[in-house]
Chemist: 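Okay, here's the structure, questions in a sec.
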Protein chains: 2
Amino acid sequence: MAGAQGSASAKVCRDPFSSVPPVRVGMKQSVVRPPTETDVARLAGVSQSAVSRAFTPGASVAEQTRTKILEAAQELGYQPNLMARSLATRRSNIVALAISSLENPFYAQVVKELSHRLAETNRHILLFATSPEVEADPALERVLSYQVDALILTATTAPFELALHCQKAGIPIVQINRASKLPGISTVSGENRRAGERVAAFLLAGGHKRFGYIGGGVASSIGKERQDGFTEHLRIKGVRTVQVAFGEYTFEGAAAAARELLGSAAPPDAIFCASDYMAFAVLDVARREFGLNVPGDVSVIGFDDVPEAGHSAYDLTTYSQPAAALVAEAIKIIDIRIARPQGRAIRREVRGEIVVRGSARVPIG
Amino acid sequence: MAGAQGSASAKVCRDPFSSVPPVRVGMKQSVVRPPTETDVARLAGVSQSAVSRAFTPGASVAEQTRTKILEAAQELGYQPNLMARSLATRRSNIVALAISSLENPFYAQVVKELSHRLAETNRHILLFATSPEVEADPALERVLSYQVDALILTATTAPFELALHCQKAGIPIVQINRASKLPGISTVSGENRRAGERVAAFLLAGGHKRFGYIGGGVASSIGKERQDGFTEHLRIKGVRTVQVAFGEYTFEGAAAAARELLGSAAPPDAIFCASDYMAFAVLDVARREFGLNVPGDVSVIGFDDVPEAGHSAYDLTTYSQPAAALVAEAIKIIDIRIARPQGRAIRREVRGEIVVRGSARVPIG
DNA sequence: TCACATATTGAATACGCATGCAAAGGTGTG
DNA sequence: CACACCTTTGCATGCGTATTCAATATGTGA
């Protein structure tokens, strides 16, 4: 609807001084094809291959001819055609990035970080914003067509078919923040199990009695680890039951989950959420819909430590999962796997810690 | 080298029960090159050109041979090599997207929307997450190398050089939410001036007396329009002064700007922010650092209407700027310009409206 | 049945770059 | 001075697909 409204009423903004006709009209300046290595070669008086070598680090060119070539290239405004280069070298310097929850600030951070880190080695990102509902995005299947050097998935998992194809083609796959049972798929994540344990300990020390957990999807393997760490530590300490609900990693889903938990007969006085983004929804529901005081009536702890968690509107106590470190590991893994495509999958965990803010009662003493 | 190293120093990860040798050793399952049209042609008993035509919509192929070819392709798992295709057709089906403030949920929305809309026509996004400080990102200059079909900029502006190159090469540029004086650059934005006017009217009707405006950058043309609409409407209604500060469209910047305004001798009782994201910072500062009641002591109005504005932690009154509509217009423009590369720049405005929530006093009656 | 328009097909080539190979030039050693 | 050796260069070819052109097959009407 918004789209229809927008396009229907869009008005073209004309120059107010319309009596003066724009000079450019009629010049037509037809579209010019960009210069090629052959053009540069002609100008520099060398062969095309020489030009290619001048732009290939480590190739054999005399310093003198190289500068001559670079000058000619400069003069023509030459830029290597990466499509042609990719075709010849079978490497595109493009990394495909599939992501499902861009609205979650944590993943926005990941994307940003990835873009910067990859740019340092002259690589770029082909972005696939998949829908969380759709497991196997048809667009993703086309990844192979682009001859990407690697595939990074965040907040999604690679469908079996894709994983198989990539393995055959020697394209490394790394999943950030999603586990995988498939062979050949590397993963990077925060310390999920340990996070669950430490949050449980923190909340116990804070004197909480009834515990809730709001996870992502029932099938979320990563979330499962957090949940297991959380509930098992509690059980060891004598807590029998943990109320569990799932928010599908969405804001609305988490809000519904919060309503379920907080509206129950014996509502929890401590809730651990599988992501900060969901924790925000829980805070909203607890305060506005249930009129609860946080952390007086209920403590809420998140996971990720996104920048917003530090904003005073939320002031969320959380377990950190540093995006920069995750990304750094992911890129390291990619480079290893590119060097040895037939190697085996690599799994890494990045350390985090409890970041104490104001949304959970603090252990006394 | 990698291979040599691999065989020399690669250690086989042994099972602790090492009496059983790992099955996979020696199988080496070497990386296989993906099938090409020639492979498909051979299997189907036709020529390579026939295969190409089978995959080219509108090409001349007998229905019978086409199905034969498609079956062969299916069997081999053939996927067209888009690099090669791009080289031959000079079209990549790739759109470059440069964006500077991915942490701002509004732009995250734009990216997501763009990705979905472009995927509908089989196009993909090459992402450049530029730094807001750097006007001319060196990575961006390399856009031309990728033979992208178009360039979309959001929250950034194209440096002069790039704009020139793109114009010569016939690559359309569209800026979302940034004006441009450069010829040949199309733009899409919300109704900035009108938004400023209507917000001013709304606040006046709410009985506010002292007005503040927190803009993005001093040089932000788009922000300037909002500011002008705001201040001019106020002046017409007899308000002489508007306190102005700039937050550079960042959270921290906006927080500093809020401190400046709220800490002044006669602090405003109404603040209009050039983006929701900055408004969130203002709310934080007003409530926590100044202990102010919103909207009792001070009203805050944002711009964009991002999803978070509706969350009760903020409950922000704002002027909407529908991301979906902006994106739809941007793509329309791109398609027009791709069809006629030597045409002139197109400027569009997408309608918005005041979204009344709880962060500003409402006009009575 | 024949001339002719149409539909299909394959051979050949172009797209822009990388690279193996051999030729040419230069250096140093014996 | 002959030789081996290294550096620099150009030629030729390949990467996988699109497309032109000519050739063939098919169908139409008279």
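Order of the sequence lines sets the chain letters (A, B, ...), proteins ahead of strands, with each chain counted from 1.
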Chemist: For B/Thr154, is there any backbone N or O sitting under 3.5 Å from a side-chain donor or acceptor partner on B/Thr156?
Modeler: yes
Chemist: Taking atom CD of A/Glu120 as the centre, report whether more than 12 heavy atoms of other residues, nucleotides or ligands fall under 6.0 Å from it.
Modeler: yes
Chemist: Return yes if some donor-acceptor pair links the side-chain N/O of B/Ser115 with the main-chain N/O of B/Val111 below 3.5 Å, else return no.
Modeler: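 Side chain of B/Ser115 to backbone of B/Val111: no pair is present.
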Chemist: Let me know which of A/Arg117, A/Gln109, A/His116 forms a side-chain hydrogen bond (donor to acceptor under 3.5 Å, both in side chains) with A/Glu113.
Modeler: A/Arg117
Chemist: Is it true that B/Arg142 and A/Asn122 share a donor-acceptor pair across their side chains at a distance under 3.5 Å?
Modeler: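 Yes, a side-chain donor-acceptor pair sits under 3.5 Å.
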Chemist: Would you jot down, in residue-number order, the residues of residues 34-44 of chain B having a non-hydrogen atom under 4.0 Å from DNA chain D?
Modeler: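 Residues of residues 34-44 of chain B under 4.0 Å from DNA chain D: B/Thr36, B/Glu37.
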Chemist: So how far off straight is the helix from C/dT1-D/dA30 to C/dG30-D/dC1, going by the axes through five pairs at either end, to 10°?
Modeler: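 End axes: 40° apart.
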Chemist: Distance alone, cut at 3.5 Å: any donor-acceptor contact between the side chains of A/Arg123 and A/Thr121?
Modeler: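 A pair is found: one side chain offers a donor N or O, the other an acceptor, under 3.5 Å apart.
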Chemist: To the nearest Å, how far apart are B/Arg90 CZ and D/dT17 C1'?
Modeler: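 Rounding to the nearest Å, CZ of B/Arg90 and C1' of D/dT17 are 13 Å apart.
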Chemist: Does B/Glu103 offer a backbone N or O that forms a donor-acceptor pair with the side chain of B/Ser101 under 3.5 Å?
Modeler: no
Chemist: Between B/Glu329 and B/Lys332, is the closest basic N to carboxylate O distance under 4.0 Å?
Modeler: yes
Chemist: Just by modelled atom types, is the B/Ala54 backbone N or O under 3.5 Å from a matching donor or acceptor in the B/Arg66 side chain?
Modeler: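 Checked: pair present.
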Chemist: Can you list, in residue-number order, the parts of residues 60-86 of chain A that come under 4.0 Å of DNA chain D, counting heavy atoms only?
Modeler: A/Ser60, A/Val61, A/Ala62, A/Thr65
Chemist: Checking side-chain polar atoms at under 3.5 Å, does A/Tyr107 have a donor or acceptor matched by the opposite partner on A/Asn177?
Modeler: yes
Chemist: Give me the first and last nucleotide of DNA chain C, going 5' to 3', that has any atom under 4.0 Å from a heavy atom of chain B.
Modeler: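 Contacts span C/dT8 to C/dG16, reading 5' to 3'.
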Chemist: Who passes side-chain hydrogen bond (donor to acceptor under 3.5 Å, both in side chains) against B/Gln48, sequence neighbours left out?
Modeler: B/Glu37
Chemist: Is a donor on one side and an acceptor on the other found under 3.5 Å between the side chain of B/Arg348 and the backbone of B/Thr187?
Modeler: no
Chemist: Specify the closest pair of heavy atoms between B/His124 and A/Leu126, including all atoms of both residues, with the distance to one decimal.
Modeler: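 Where B/His124 meets A/Leu126 most closely, the heavy atoms are CB-CD1, 4.0 Å.
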Chemist: Can you measure B/Leu87 atom CG to D/dC15 atom P for me and round it to whole angstrom units?
Modeler: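 One finds 14 Å between P of D/dC15 and CG of B/Leu87, rounded.
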Chemist: Rounded to whole angstrom units, what separation is found between the CG atom of A/Leu144 and the C1' atom of D/dT17?
Modeler: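 Rounded to whole Å, this separation is 17 Å.
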Chemist: Where do N or O atoms of nucleotides 19-24 of chain D meet protein N or O atoms at under 3.5 Å, pair by pair?
Modeler:
from	atom 1	to	atom 2	distance (Å)
D/dT20	O4	B/Arg53	NH1	3.4

Chemist: Does B/Asp149 reach the main-chain N or O of B/Asn93 with its side chain, forming a donor-acceptor pair under 3.5 Å?
Modeler: yes
Chemist: Output the distance between atom CD (B/Gln79) and atom OG (A/Ser145), rounded to the nearest 0.5 Å.
Modeler: 4.0 Å
